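To keep things clear, I will list the structure first and then write my remarks on it.
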Amino acid sequence: MSSLQTEGLVKRYGALLVTDHVSLDIRAGELHAVIGPNGAGKTTLINQLSGELPADEGRIVFDGQDISALPVHQRARAGLLRSYQITSIFEEFSVTENAVLAALAAKRSAWRFWAPMLGDVVAREAAAAALTAAGLATHADALAGELAYGQRRQLELAMALTAQPKFLLLDEPMAGMSVQESAAVTTLLRGLKGRYTILLVEHDMDAVFALADRISVLVYGSVMFTGTPDEIRAHSEVRAVYLGEETA
Amino acid sequence: MTSLLHRSAIVPLLFAGFAAVPFVATAIEQPFWISFFARILIYAIAASALNLALGYGGLVSFGHALFMGLGSYAVALPAFHGIASGWVHLALCIIASSLIALGVGAISLRTSGMAFIMITLAFAQMGYFLLVSLKQYGGDDGLPVAATSQFGSVDLGSTRPLYATALVVLALVTWWMAKLRAAPFGMALRGARQNARRINAIGLEARRLRLVAFVISGAICGMSGLLLANLNAFASPSSLAWTVSGELIVMVVLGGIGTVAGPVIGALVFLGLEEVLKGLTEHWMVIFGPLIVVMALVGRRGIVGLIDLWPRAPRAAAPAVLSEGGA
């Protein structure tokens, strides 16, 4: 059963075709990786899926519903959550406050004007669970703006998780991480695998091949090939274009 | 908490001081003090309202005088036609300022930054010139309030009931702002100021949060205008002047932007200093201006930020700072 489908998605910047008739079919429960050289249009693709960029042509179907015209917050409510390549958190709030706010937003109960946010037991439990899953439980009281880089990425993930998403769009969750940090995130993602449908954009090939059920290779905005990690490894064109350096 | 100078005592001390003013003023036979401090309370209400939009929401509204003006004319216009009921004045004031805030906000919030500042200013100027053009209501001479607001047997036209009302309203507003700051809506609004993109990504809508904040802010600001018209027994287009909007911003920044006590302290210090310096010299602006500049340079969170630097109670664990906590 497919969870998210794109049909002939197109995004142009002037004459430049950044997304070139991309048709993807991501099955429920799979971890689908999108790889490709810099400038292949991976983040542009994620931005169209999350709703931050309107597509010029094509359709996006999520859970059987056409979401092409929905704004970001409505896609988020439908269960399509994202993390950002450039860390995007509330720096003046504590780690717990970040996660609780995300949990309340998901329950659509942010429109309360009196009782303190941190007094919401259910949201706090959801936040604590997500922080534990993301490996940040020990830093729950720290100010988000004072976290180390890797921890900020973990908080990004935790915030997406508190919303109890159906689908996670992860834009380079390991970008700029140390070897240990990215190993920790790989372990974390392996734990999430199966529970959520995940679209993972990532440059760390070790992580991608260790985690992905299927991989799509994006070159100059179009999908060159989609297959299992083994098929990708065996594909001569993919090796030439993208994995060439590693096999040379 | 042993020291009275500890910062958590600031807000209670402040309000205890305000409550004592009428008694002290009577005792030393300076009734002028009551109406002077009533003005401070009224501006503190307006500044607290602006702080919701400006400090919590990050919306630099340069047109909040519009709502003060609306509140004033919500008293003066019905009074001109012989309606003295305070309830009518209040209902008109809340309805008019909320609706106008809704319209102004819906349009202005399509922009941000400098454009937002300019659009809110433009709306306030439109209100100003509209009232100037209404010759039958006094035009730019303003309109004396023919009948001050009567709430049952209470007449806001006399100083003491007005002072008490302003004090109660300010206390309630301050209390609510303290609660709101940590409540889900306040957190979401403050989150949208830090990172609007993320607010949308977790399923909220930054623009709607801001619009609601702007409407609440406008409505409370309108109530300060209602009180001001009763205090002065006069409504004037000059209460919508852009300088008033500017003064409100200075009060918020001076006291401590985004803090609960900041706008109250800001209004007190701003109007207090103005009064003191006016007594010293005709050229009081020469002293007042640089003082504001120094304050803006010294503390990011204004006077409240300086109070936060106050020697803490001797204990290892740092208590929550005033600017972050509920005080």
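Every chain is numbered from 1, with letters handed out A, B, ... down the list of sequences. Because the structure is predicted, anything quoted here is derived from the model rather than measured.
The choice from A:Glu156, A:Glu91, A:Arg108, A:Arg75 that makes the most heavy-atom pairs within less than 4.5 Å of chain B is A:Glu156. Counting heavy-atom pairs closer than 4.5 Å to chain B, the top residue among A:Ala163, A:Ala106, A:Ala115 is A:Ala115. For chain B, the option among A:Ser88, A:Gly119, A:Ala160 with the highest count of heavy-atom pairs below 4.5 Å is A:Ser88. Chain A forms more heavy-atom pairs under 4.5 Å with one residue of B:Ala188, B:Gly191, B:Gly186 than with any other, namely B:Gly191.
Distance check, rounded to the nearest 0.5 Å: CH2 of A:Trp114 to CH2 of B:Trp175 gives 4.5 Å. Here the CD atom belonging to A:Gln74 is positioned 7.5 Å from the CD atom belonging to B:Glu205, to the nearest 0.5 angstrom. With values rounded to the nearest 0.5 angstrom, A:His73 atom NE2 is found 10.0 Å from B:Leu209 atom CG.
Two residues are said to be in side-chain contact when any heavy atoms from C-beta on lie closer than 4.5 Å; A:Phe93 and B:Met187 meet this criterion. Proximity of A:Trp111 to B:Arg208: side-chain heavy atoms (C-beta onward) are separated by under 4.5 Å at one or more points. A:Leu101 is listed as a side-chain neighbour of B:Ile202, based on a closest heavy-atom distance under 4.5 Å.
In B:Arg110, the CZ atom is not crowded: 12 or fewer heavy atoms of neighbouring residues, nucleotides or ligands sit closer than 6.0 Å. Counted within 6.0 Å of CD on A:Gln164, heavy atoms from surrounding residues, nucleotides or ligands total 12 or fewer; the atom is thus considered open. Taking a 6.0 Å sphere around CG of B:Leu99, one finds it holds more than 12 heavy atoms contributed by other residues, nucleotides or ligands.
Only the backbone of A:Ile89 has a heavy atom closer than 4.5 Å to any heavy atom of chain B. Heavy-atom distances place no part of A:Thr162 under 4.5 Å from chain B, backbone and side chain included.
Considering every non-hydrogen atom in both B:Pro184 and A:Pro116, the closest pair reads CD-C, 4.3 Å. Closest heavy-atom contact between A:Arg112 and B:Ala183: O-CB, 3.6 Å. Looking at every heavy atom in both residues, B:Ala201 comes nearest to A:Ala76 through O-CB, 3.4 Å.
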Check against side-chain contact (heavy atoms from CB on, under 4.5 Å), B:Arg190 and A:Phe90: CA-CA 9 Å; B:Arg190 291 165 62 206; A:Phe90 305 118; over 6 Å; no
Working for side-chain contact (heavy atoms from CB on, under 4.5 Å), residues A:Tyr84 and B:Arg198: CA-CA 9 Å; A:Tyr84 289 91; B:Arg198 173 50 90 176; 3.9 Å; yes
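B:Trp176 and A:Phe113 have tilted rings, their planes meeting at an angle from 30° to 60° on a 0 to 90° scale.
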